[in-house]
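Below is one structure, written out as structure tokens; the observations come after it.
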Amino acid sequence: MVTPTATTASRPAAPPAPPAQAGGDLAQVQRDLLALDLPCYVLRDGVLRDGQQVRTSTDATQVGRVVTGGGQVLAAVGPRPAHALGDPEFRRAHGVRYAYMAGAMANGIASARMVAALAREGYLASFGAAGVLPARVDEALAAIGRDAPGSPFACNLIHSPSEPALEAATIDACLRHGVGCVEASAFVEPTAQLVRYRLAGLRRDRSGRVEAAHRVIGKVSRAEVAERFLRPAPPELVRRLVETGDVTAEQAELARAVPLADDLTAEADSGGHTDRRPLLVLLPELLALAERIRREQGYAAPVRVGAAGGIGTPAAAAAAFALGAAYVVTGSINQSSVEADQSDTTKRLLAATGVADTVMAPSADMFELGVEVQVLRRGTLFPGRARQLYELYRTYDGVDALPADIRATLETRVFRRSLDDVWQDCVRYFSERDPDQITRAADDPRRRMALVFRWYLGRSSGWSIAGDAERAPDYQVWCGPAMGAFNGWVAGTYLAQVGNRRVVDLATHLMRGAAYADRVAALRAAGLRLPAAAAAYLPAPPPNETAVRRGSQP
């Protein structure tokens with residue numbers, strides 16, 4: 001079933017002969033390639049002749065018989081189990097079995113249930129704390145610790161320039177619950193709270209080396225931002241934290257010897273906050289930058305660099321590892337999983353998504369700065385309405401300055417209530433979450449308008465999570481093209497149905513498929529051509545499990 005285009009033999013080759021024709025048992029080829037813990041050999045029996053068959057085997061004894069009988073070993077690939085992919089130091093440092101991470105999805109979509117399920121199986125996962133009230137973050141971290149006792153996991157820390165109190169509350173919760181890792185996203189500059197977390201875990205081990213008990217994974221898409229994570233914490237922030245008593249003088253001294261982050265995720269074309277940069281460009285750039293700064297700073301090892309954005313198929317994961325990624329990060333595909341805190345309505349929308357069904361729209365958390373997020377376009381009017389609100393914010397000085405016809409349209413079609421009522425909602429909301437927001441807007445009409453418009457942007461994701469049927473046209477669904485790629489890969493398999501998309505299954509098949517793709521690539525590099533049917537890994541349901549469940553059709 002394998003056609004040689006170049007001969008790699010274990011002994012001198014016979015005189016040139018016509019290429020062997022593809023033949024043999026396709027199912028056997030797939031079984032041999034899927035035996036990831038065993039080497040796989042490509043064999044040609046006997047004396048060369050036209051139409052001779054080529055086959056595979058994982059049996060070393062059989063290989064010996066073929067060679068003794070005048071046959072050839074055309075190529076061989078070694079064992080490549082899924083847990084061997086990526087950087088072993090990533091697995092050791094985080095105490096996980098796989099170089100795989102399920103990234104945070106805001107508003108708790110990356111739920112405590114999701115994180116615990118992955119943690120129990122040896123995968124790193126990050127709770128989606130962004131946009132979640134402190135009390136709920138506290139509850140979620142406690143639940144993960146209870147449901148996956150002793151298993152490592154992470155919590156997202158999103159940069160919130162308009163709501164700094166939330167950063168402090170998230171770090172307080174992480175310290176209170178002994179969370180050993182934070183995934184820092186949307187940062188442009190390090191903040192005091194991020195540095196506080198990092199430094200509070202610094203100490204010397206018995207050999208005198210600096211040990212970081214609090215690990216930081218920085219998610220970046222620009223080299224200038226990456227550099228801030230690759231270098232030690234800014235001295236001015238460290239001094240301030242010492243003055244406030246948040247870190248000790250010894251920890252401040254140790255901070256000079258370690259980078260701010262242990263790992264750096266190169267975030268390419270992802271859902272949510274993204275610059276939509278090509279991974280083929282971004283990942284090599286950050287790998288080179290990490291090594292350069294390692295030499296400058298004298299670190300024993302460089303900061304590990306992983307890959308995110310567009311990781312929705314085994315081929316994509318395998319390509320990222322081949323480029324040198326220490327680990328891979330998935331996001332969009334997990335939003336359609338059983339454990340995601342997302343409505344069934346939205347999960348069905350996601351399961352029908354293609355690779356071109358996403359678009360950029362203004363973000364709620366950085367609305368005033370003009371920052372955008374990648375969202376689902378198909379099945380929702382949110383992207384166009386969000387862009388309209390941002391243009392109005394740029395054009396007018398406040399809600400009262402809006403022309404009467406525009407205001408009426410917003411109240412009837414977009415907000416579906418008066419803007420004055422929306423402002424009162426904002427007052428009640430921020431009085432609990434961050435009272436300083438209301439104080440700062442008291443004498444600033446334009447800031448009040450921003451908070452009113454952010455009400456819509458913030459509520460739109462909540463309507464999606466709750467499955468509010470009346471607000472379906474306004475769903476904001478963070479999504480990247482990986483979702484469409486995943487749907488194309490699993491079409492016709494048991495994972496095509498939403499009700500079968502358990503998050504551990506997604507991770508398992510993605511990593512197993514990546515290891516399979518790695519073996520296929522090695523055979524191709526040896527000059528062998530595999531038929532498409534043998535080269536593709538398709539997910540099969542676990543044994544003795546019903547693949548299709550009631551109500552699971554997308």
Side-chain angles (χ1 to χ4, degrees), residues 106-107 130-131 158-167 186 188-189 271-276 358-377 379-464 468 470-479:
N107 286 357
I158 192 165
H159 180 40
S160 303
S162 59
E163 301 177 75
L166 287 183
E167 282 189 35
V188 177
E189 298 276 356
H273 287 283
T274 178
D275 284 339
R276 304 180 84 179
T358 60
V359 69
M360 300 299 290
S363 71
D365 54 344
M366 299 186 188
F367 178 77
E368 296 94 321
L369 300 177
V371 175
E372 293 187 318
V373 289
Q374 187 160 206
V375 299
L376 188 64
R377 174 177 59 187
T380 174
L381 298 176
F382 169 81
R385 290 177 170 177
R387 283 193 295 271
Q388 178 193 21
L389 292 179
Y390 184 67
E391 289 304 316
L392 292 174
Y393 170 75
R394 293 182 58 193
T395 304
Y396 298 98
D397 292 330
V399 169
D400 293 337
L402 293 172
D405 59 334
I406 292 177
R407 178 166 181 158
T409 299
L410 293 179
E411 291 181 334
T412 57
R413 296 185 182 179
V414 180
F415 290 85
R416 300 192 189 180
R417 58 192 304 187
S418 76
L419 297 185
D420 291 337
D421 285 348
V422 171
W423 170 244
Q424 292 307 312
D425 266 6
C426 292
V427 171
R428 286 189 291 270
Y429 176 79
F430 283 110
S431 294
E432 175 186 356
R433 182 184 181 112
D434 187 0
D436 186 54
Q437 294 285 330
I438 303 303
T439 303
R440 289 157 60 194
D443 299 315
D444 188 341
R446 200 156 180 269
R447 183 164 187 79
R448 288 200 299 275
M449 178 169 64
L451 293 181
V452 168
F453 288 176
R454 283 172 55 193
W455 177 95
Y456 172 78
L457 301 181
R459 292 293 296 273
S460 58
S461 59
W463 294 325
S464 169
D468 187 331
E470 291 187 359
R471 300 309 301 252
D474 297 293
Y475 285 4
Q476 178 182 185
V477 184
W478 302 300
C479 183

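Values below: all heavy atoms of this structure, side chains included; hydrogens, waters and symmetry mates excluded.
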Quick check: does any side chain N or O of [X] sit under 3.5 Å from a backbone N or O of [Y], one acting as donor and the other as acceptor?
X      : Y      : value
Arg387 : Met360 : yes
Ser464 : Val477 : no
Gln476 : Gly458 : no
Ser460 : Tyr475 : no

(request) For Ala441, enumerate each residue passing the side chain to side chain contact (heavy atoms under 4.5 Å, CB included) test, keeping only those at least two apart in sequence or located in another chain. (result) Trp423, Arg447, Arg448, Leu451
(request) Mind checking side chain to side chain contact (heavy atoms under 4.5 Å, CB included) for Tyr393 and listing every partner two or more places apart, or none if nothing turns up? (result) Phe367, Glu368, Tyr390, Arg446, Met449, Ala450, Phe453
Between [atom1] of [X] and [atom2] of [Y], what distance do you get to the nearest 0.5 Å?
X      : Y      : atom1 : atom2 : answer
Tyr429 : Arg459 : OH    : CZ    : 10.0 Å
Glu391 : Arg394 : CD    : CZ    : 5.0 Å
Arg413 : Asp474 : CZ    : CG    : 12.5 Å
Asn107 : Trp478 : CG    : CH2   : 4.0 Å
Arg416 : Glu470 : CZ    : CD    : 7.0 Å
His159 : Glu189 : NE2   : CD    : 8.5 Å

(request) Determine the interplanar angle of the Phe415 and Trp455 rings, folded into 0 to 90°, and report it as parallel if under 30°, tilted if 30 to 60°, perpendicular if over 60°. (result) parallel
Contact summary for [X] and [Y], nearest pair of heavy atoms:
X      : Y      : answer
Cys479 : Thr358 : O-CG2, 3.4 Å
Ala386 : Leu457 : CB-CD2, 3.6 Å
Ser363 : Asp365 : OG-OD1, 3.3 Å
Pro383 : Val375 : CG-CG2, 3.8 Å
Cys426 : Ile438 : O-CD1, 3.8 Å
Ile158 : Ala186 : CG1-CB, 3.8 Å

(request) Answer yes or no: does atom CZ of Arg417 have more than 12 heavy-atom neighbours from other residues, nucleotides or ligands under 6.0 Å? (result) yes
(request) Answer yes or no: are there more than 12 heavy-atom neighbours, outside Asp405 itself, under 6.0 Å from its atom CG? (result) yes
(message) Using the rule given for side-chain contact (heavy atoms from CB on, under 4.5 Å), can you reason through Val373 versus Thr274, listing the C-alpha separation, both sets of side-chain angles and the distance that settles it, and then say yes or no?
(response) CA-CA 6 Å; Val373 289; Thr274 178; over 6 Å; no
(request) For the residue pair Asp420 and Ser418, confirm or rule out a side-chain donor-acceptor distance under 3.5 Å. (result) no
(request) I would like to know whether Arg440 and Asp436 meet salt bridge (Lys or Arg N to Asp or Glu O under 4.0 Å); could you show each step before the answer? (result) CA-CA 6 Å; Arg440 289 157 60 194; Asp436 186 54; 3.5 Å; yes
(request) List the steps, then state whether side-chain contact (heavy atoms from CB on, under 4.5 Å) holds for Tyr456 with Leu410. (result) CA-CA 10 Å; Tyr456 172 78; Leu410 293 179; over 6 Å; no
(request) Using the side-chain contact (heavy atoms from CB on, under 4.5 Å) rule, take Leu419 and Leu402 through it: C-alpha gap first, then chi angles, then the decisive distance, then the call. (result) CA-CA 11 Å; Leu419 297 185; Leu402 293 172; 4.1 Å; yes
(message) So Val399 and Val422, do their side chains get closer than 4.5 Å, heavy atoms only?
(response) no
